[in-house]
Participant: 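First the structure, which I've put down as C-alpha cells, then a few questions once you've had a look.
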Number of protein chains: 2
Amino acid sequence: MGITKTEIFSEEQNKLAVLLKAIAHPARIAILQEIIKANACICGDLVNELGLAQATISQHLKELKNAGLIQGTIEGVSVCYCIHSENWRLLENQLGHFFASYRGPSSCC
Amino acid sequence: MGITKTEIFSEEQNKLAVLLKAIAHPARIAILQEIIKANACICGDLVNELGLAQATISQHLKELKNAGLIQGTIEGVSVCYCIHSENWRLLENQLGHFFASYRGPSSCC
DNA sequence: ATTATCTATCGTAATTTTGCGATATAATAG
DNA sequence: CTATTATATCGCAAAATTACGATAGATAAT
C-alpha cells in the first residue's frame, strides 16, 4: 500500500511518529545541528555547508517547519531559520519519557 | 531520485537517522510501547493487540530488530521479543545530547 | 526600470515504504 | 508421520520520500 493506517493508533503515537520522521533524515539532522551551532540563525548558508541542491535544502527546511521544529523569518532577501524552542523542548520531553518508560531488562531474552 | 545521499553526511548523522527512522512509525511506536508495558516479552500477542496483519507486524519487528532496538529469542513455537537494553540506552543518550545541544532562543527569529 | 540575489514551488524520476495475501518454515502435539 | 500453531518471507500494488533542474516570486542594488 504505502499508506500508514493512522486510524488504528492513538493521537499521541501518530504525532510522535510525525515528529520523529521529520528528524529521521541525515540531511535534516545536519540542518538542525547547523542551526543550533550557528546559534544566531543561518539560511542559505546551509546550501553551501551541506552538499545538496538549493531546492533540496528548501524542501527539507519546509518539512522541518511543517513539523514545527524550526521557524523562519524573512530578513531582507534571505530567510533566517532557527529552532522553535517551545516545540523543541516539548519533543525533548516526550522522547525523554518514552525512553525512560523502559525500566531495564526483563526475565526472558 | 528517492535515494538518500549518505556519502555527504557523517557516520553519526547517518546512524542516528537510521535509528530514528526505525521508531518513526506509529505501528513501531505502538509495538515498542507494548513490549515495554508487558515487561516480560510478548510476541504474536502484538498481532491481536494492534489491528495489523501478521505479515505486517512481522515486518515491523524485523525492522526494529535490524535497527538493534529489540531482540527476539525463540520460545518453542513462538518468539519472545524484548528491548535491547544496551542499544536502547545508547540511543536514549545520543538523543538526549542532541536535544540538549540546543541552548535556548537566539537573537533573530 | 533593470538587474542581481535569495528562496520557494513545480514537475519529474528513481527509490523506498507500507500493507497484506499467499506461502514457506519451524516446532510442538497427537 | 501428520496436523496444528506461530512466525518469517515472497511478491505485489499503492503511496510516500528524496533529489534536482527549471522556474517563479520577492527584495535589494544600480
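Residue numbering restarts at 1 for every chain, and letters A, B, ... go by the order of the sequence lines. Values below: every heavy atom of this structure, side chains too, minus hydrogens, waters and symmetry copies.
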Participant: Closest to the B:Thr4 side chain: D:dA19, C:dG19, D:dA8?
Facilitator: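 The answer is D:dA19.
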Participant: Any base atoms under 4.0 Å from A:Ser78, or only sugar-phosphate, or nothing? Heavy atoms, all strands.
Facilitator: sugar-phosphate
Participant: Roughly how many Å is it from NE2 in B:His25 to C1' in D:dT17, rounded to a whole number?
Facilitator: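 To the nearest whole Å, that distance equals 13 Å.
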Participant: So, for B:Leu69 and B:Ala22, which heavy atoms are closest and what is the spacing to 0.1 Å?
Facilitator: CD1-CB, 4.1 Å
Participant: Give the rounded distance in Å between these two atoms: CG of B:Asn48 and C1' of D:dT5.
Facilitator: 13 Å
Participant: What does the list of N/O pairs under 3.5 Å between the protein and nucleotides 21-30 of chain C look like, with a distance for each?
Facilitator:
none

Participant: CD of A:Glu63 versus C1' of D:dA19: gap in Å, rounded?
Facilitator: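 That distance rounds to 11 Å.
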Participant: Ignoring backbone atoms, establish whether B:Lys21 has a side-chain N or O less than 4.0 Å from OP1 or OP2 of C:dT17.
Facilitator: yes
Participant: For D:dC20, does either OP1 or OP2 sit under 4.0 Å from a side-chain N or O belonging to B:Lys5?
Facilitator: yes
Participant: Whole angstroms only, please: what is the CG-P distance between B:Leu64 and D:dA8?
Facilitator: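 Nearest whole value for this atom pair: 12 Å.
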Participant: Take atom CG of B:Leu61 and atom C1' of D:dA8, then tell me their distance rounded to the nearest Å.
Facilitator: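 To the nearest whole Å, that distance equals 11 Å.
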Participant: OP1 or OP2 of D:dA19 versus the side-chain N and O atoms of A:His60: is any pair under 4.0 Å?
Facilitator: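 A:His60 to D:dA19 OP1/OP2: side-chain N or O found under 4.0 Å.
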Participant: Can you name the residues that form a side chain to side chain donor-acceptor pair (under 3.5 Å) with A:Ser10, not counting sequence neighbours?
Facilitator: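 Here the qualifying residues are A:Gln13.
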Participant: Over how many whole Å does the gap from A:Gln59 atom CD to D:dG21 atom P extend?
Facilitator: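 The answer, rounded to whole Å, is 13 Å.
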Participant: Atom CG of A:Leu46 and atom C1' of D:dA19: how far apart are they, to the nearest Å?
Facilitator: 16 Å
Participant: Under 6.0 Å from the CG atom of A:Leu90, do we count more than 12 heavy atoms belonging to anything else shown?
Facilitator: yes
Participant: Taking only side-chain nitrogens and oxygens of A:Tyr81, does any of them come within less than 4.0 Å of OP1 or OP2 of C:dC6?
Facilitator: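 It does not, given that no N or O in the side chain of A:Tyr81 lies less than 4.0 Å from OP1 or OP2 of C:dC6.
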Participant: Would you indicate which nucleotide in C:dT7, D:dT7, C:dC20 comes nearest to any side-chain atom of B:Leu52?
Facilitator: C:dC20
